Amino acid sequence: MKLPSNTFLASIRSGQPQIGLWLSLASGYATEAVAGAGFDWLLIDTEHSPNDLTSVMTQLQVLAAHPVTPVVRPDWNDTVLVKRLLDIGAPGLLFPMVQTPDEAAQAVAATRYPPRGVRGVSGCNRANGFARMSDYFSRVEEETAVLVQVETRAALEQVLQIGRVDGVDGVFFGPSDIAADLGLLGRPNDPAVWDVIRPAARKLMEAGIPVGTLVFDPGLARSLLGEGFSFVACGSDLALLARGADALLRGMKA
Ligand SMILES: O=C(O)C(=O)C[C@H](O)[C@@H](O)CO
């Protein structure tokens, strides 16, 4: 038994755009319902949703039956939590609120076994096929996507240094937090937010570093992919449910 190749990672490295969806409902059943839609990547969020380790694992199990790559967002750049997420088989991690190259290096180190990093070793777990994957230790680091999230003006100023940290596979812009940092709380689509994100994203793209984001506007998502963003999530399971319910009732009352 071999460690599966990470198709999301191979795609962003080779410049093939990846369309994603955020998973915030913290439910294996809801995840199963969207799993077959055909998204390239699905982000299991533990920062802003009621997910715990067990609900994340259930969703990873569900998604294993589908040709889509799950990426898990830990709630913090926390070495111990990262070890546990990797042991349950997260093929990619999105680290929130990475502010400096040192913090990006800390995120990478959490995903590497010694001597390259600080990941603790478990011999038998879901990630290594319960010790049946003969190549797990030799390949897991090259097959794990390490994505770091830039969410403040301070981080934007160092974006290239953050993106160039050895082991970082991509930089994700958080428009909601960047908007808040700019004094535009609740306005992630405000042009002023994108006026600071776009030049930073271009710098990374010119350096060959994949760039991603999440926007709740399919038109903006399409245009960002056209501008060279590599991995763009264009909505969430939670928003689809809530806004779909709103629209259905509105239609009934119209
Ligand atoms: O700043 C952002 O944008 C993000 O980090 C994404 C949000 O956390 C996501 O929950 C959308 O509201």
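Order of listing sets the numbers, starting from 1, for every ligand and every atom in it. Since the structure is predicted, the reported quantities are computational estimates derived from the model, not experimental observations. Heads up: numbering here begins at 1 and tracks the sequence.
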Just verifying a value: how many Å separate L94 CG and D169 CG, rounded to the nearest 0.5 Å? 12.0 Å
Ligand 1 N/O to protein N/O, distances under 3.5 Å:
unit_1   : atom_1 : unit_2 : atom_2 : d
ligand 1 : 1 (O)  : E151   : OE1    : 3.4
ligand 1 : 1 (O)  : G174   : O      : 3.2
ligand 1 : 1 (O)  : S176   : N      : 3.2
ligand 1 : 1 (O)  : D177   : N      : 2.8
ligand 1 : 1 (O)  : D177   : OD2    : 3.0
ligand 1 : 3 (O)  : P175   : N      : 3.2
ligand 1 : 3 (O)  : S176   : N      : 2.8
ligand 1 : 3 (O)  : S176   : OG     : 3.3
ligand 1 : 5 (O)  : R73    : NH1    : 3.1
ligand 1 : 5 (O)  : Q149   : NE2    : 2.5
ligand 1 : 5 (O)  : E151   : OE1    : 3.2
ligand 1 : 8 (O)  : R73    : NH1    : 3.3
ligand 1 : 8 (O)  : R73    : NH2    : 2.9

Can you tell me if D177 and Q149 form a side-chain donor-acceptor pair at under 3.5 Å? no
Establish whether F229 and V196 are linked, either directly or via other cluster members, by ILVMFWY side-chain heavy-atom contacts under 4.5 Å. yes
Judged by modelled atom types alone, do N51 and S49 share a side-chain donor-acceptor pair under 3.5 Å? yes
Look at the aromatic rings of Y113 and Y136 and report parallel, tilted or perpendicular, splitting at 30° and 60°. perpendicular
May I ask you to check whether over 12 heavy atoms, not counting those of I19, lie within 6.0 Å of atom CD1? no
